[in-house]
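Take a look at the structure below.
Numbering of ligands and ligand atoms starts at 1, following listing order. Only heavy atoms go into these numbers, but all of them, side chains included; no hydrogens, no water, no symmetry mates. Since the model is a prediction, treat every value here as computed from it, not as a measurement.
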Amino acid sequence: MNGKVRTLIDAETIQKRIKELGSQITTEYQGRDVVVVCVLKGSFVFTSDLVRAIDLPLSVDFLALRSYGDGTESSGVVQITSDLTKPIEGKDVIVVEDIVDTGLTMAYMLQNLEAKRPRSVRLASLLHKPARTRVPVKIDYLGFTIEDVFVIGYGLDYAERYRNLPYLGVLDLEG
Ligand code: 5GP
């Protein structure tokens with residue numbers, strides 16, 4: 001677990017892309033009643049930077065998920081371990097996720113949120129690994145498309161470590 005970290009996307013590039021996404025959201029959600037839903041834990045860093053790049057009145061709520069799988073792959077069986085604190089009925093929801101990998105987690109999540117009758121639901125994801133798609137999920141605001149590598153940093157962990165890195169990296173376990 002003490003491997004070397006190779007930088008995949010540096011902090012400056014992340015910040016620049018988030019400013020672009022924030023401006024786009026600001027333009028598209030004028031006059032709307034926005035709730036930003038942060039999916040814990042991985043997207044807490046992305047959410048905190050993204051909301052500061054959005055120049056609109058909005059509220060932020062949090063969801064925590066536990067995904068069952070064999071450790072490297074999610075099974076699509078997802079348990080909500082901590083739910084939203086306020087109803088989202090009639091609201092314009094932007095779900096903020098760290099990474100869409102197979103798509104199983106987000107497909108479940110979006111279906112679950114739709115049942116709460118929001119006015120709209122869109123997805124912002126920092127990363128997408130299209131090579132691993134099992135369920136196609138529409139990402140409305142995407143940070144970066146990446147190849148099939150295991151990413152850490154900027155909120156993403158390996159065994160709960162590395163979330164505090166200010167950049168996105170790949171762990172070289174041989175290193
Ligand atoms: P999916 O259901 O799309 O396969 O899984 C999405 C979740 O798996 C993400 O929210 C994240 O928690 C985890 N995940 C997928 N790929 C990676 C990765 O490269 N690095 C890390 N740290 N987590 C990942």
Side-chain angles (χ1 to χ4, degrees), residues 1-11 13-15 17-18 21 25 35-51 60-84 88 93-116 121-175:
M1 125 125 237
N2 284 321
K4 278 190 199 140
V5 181
R6 170 171 68 83
T7 303
L8 186 68
I9 304 173
D10 64 44
T13 307
I14 297 170
Q15 295 306 325
R17 183 71 189 119
I18 290 176
L21 294 175
I25 291 169
V35 181
V36 171
V37 172
C38 170
V39 183
L40 296 170
K41 296 180 187 173
S43 69
F44 80 103
V45 179
F46 177 39
T47 303
S48 69
D49 281 340
L50 184 64
V51 293
V60 181
D61 209 342
F62 299 86
L63 262 180
L65 302 180
R66 183 185 297 144
S67 172
Y68 293 97
D70 62 10
T72 55
E73 178 124 338
S74 69
S75 61
V77 181
V78 179
Q79 184 193 355
I80 295 177
T81 55
S82 175
D83 209 343
L84 297 174
I88 54 169
V93 173
I94 303 174
V95 178
V96 181
E97 176 63 310
D98 52 357
I99 181 164
V100 175
D101 185 25
T102 63
L104 288 163
T105 304
M106 266 307 106
Y108 171 88
M109 186 73 260
L110 294 172
Q111 204 180 6
N112 179 280
L113 288 177
E114 288 289 0
K116 298 178 192 272
V121 180
R122 283 189 184 167
L123 174 60
S125 182
L126 180 64
L127 299 170
H128 184 214
K129 277 189 212 172
R132 303 239 317 153
T133 302
R134 285 179 57 196
V135 186
V137 171
K138 182 167 178 272
I139 303 172
D140 302 284
Y141 304 101
L142 174 63
F144 306 94
T145 298
I146 58 165
E147 53 195 276
D148 184 9
V149 287
F150 190 80
V151 184
I152 51 157
Y154 198 74
L156 289 104
D157 75 312
Y158 174 72
E160 293 300 327
R161 297 278 301 275
Y162 302 103
R163 293 192 196 274
N164 56 322
L165 292 180
Y167 57 90
L168 287 156
V170 178
L171 198 57
D172 173 10
L173 290 171
E174 318 272 283

*Count the heavy atoms belonging to other residues, nucleotides or ligands that lie under 6.0 Å from CD of Q111, then report whether that count exceeds 12.*
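Atom CD in Q111 is not packed in, count stays at 12 or less.
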*Would the number of heavy atoms belonging to other residues, nucleotides or ligands and lying under 6.0 Å from NZ of K129 be above 12?*
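Result for NZ/K129: enclosed.
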Hey, which atoms in ligand 1 end up nearer than 4.0 Å to a heavy atom of [X]?
X: L156; result: 20 (N), 21 (C), 22 (N), 23 (N)
X: T105; result: 1 (P), 2 (O), 5 (O), 6 (C)
X: T102; result: 1 (P), 2 (O), 3 (O), 4 (O)
X: K129; result: 16 (N), 17 (C), 18 (C), 19 (O)
X: V149; result: 19 (O)

*Return a yes/no value for Y158: is any of its N or O atoms, backbone included, closer than 3.5 angstrom to an N or O of ligand 1?*
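Between Y158 and ligand 1 (N or O atoms, distance only) the closest approach is not under 3.5 Å.
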*asked:* Considering both backbone and side-chain atoms of M106, is one of its nitrogen or oxygen atoms within less than 3.5 Å of a nitrogen or oxygen in ligand 1?
replied: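 Among all N and O atoms of M106, none is under 3.5 Å from an N or O of ligand 1.
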_Identified side chain to side chain contact (heavy atoms under 4.5 Å, CB included) partner of F62 from the options L40, D83, V39, V96_ =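 The residue from L40, D83, V39, V96 that satisfies side chain to side chain contact (heavy atoms under 4.5 Å, CB included) with F62 turns out to be L40.
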*Distance only, no hydrogens: is a donor on one side chain within 3.5 Å (strictly under) of an acceptor on the other, for D49 and Y154?*
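A donor-acceptor contact under 3.5 Å links the two side chains.
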Examine ligand 1 and decide if any of its atoms is less than 4.0 Å from a heavy atom belonging to [X].
X: G103; result: yes
X: E97; result: yes
X: I152; result: no

*Rounded to the nearest 0.5 Å, what separation is found between the CD1 atom of I139 and the NE2 atom of H128?*
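So the gap between those two atoms works out to 4.5 Å.
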*Inter-residue atom distance L104.CG - R134.CZ, 0.5 Å rounding*: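 If I round to the nearest 0.5 Å, the distance is 5.0 Å.
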*Evaluate side-chain contact (heavy atoms from CB on, under 4.5 Å) for V5 paired with Y167, printing each intermediate quantity in order.*
CA-CA 10 Å; V5 181; Y167 57 90; 3.9 Å; yes
*Using heavy atoms and a threshold below 4.0 Å, how should the contact between R134 and ligand 1 be classified: side chain, backbone, both, or neither?*
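Neither; no heavy atom under 4.0 Å.
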*Less than 4.0 Å between a side-chain N and a carboxylate O, is that true for D98 and R163?*
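Here R163 does not pair with D98 in a salt bridge, since their nearest N and O are not under 4.0 Å apart.
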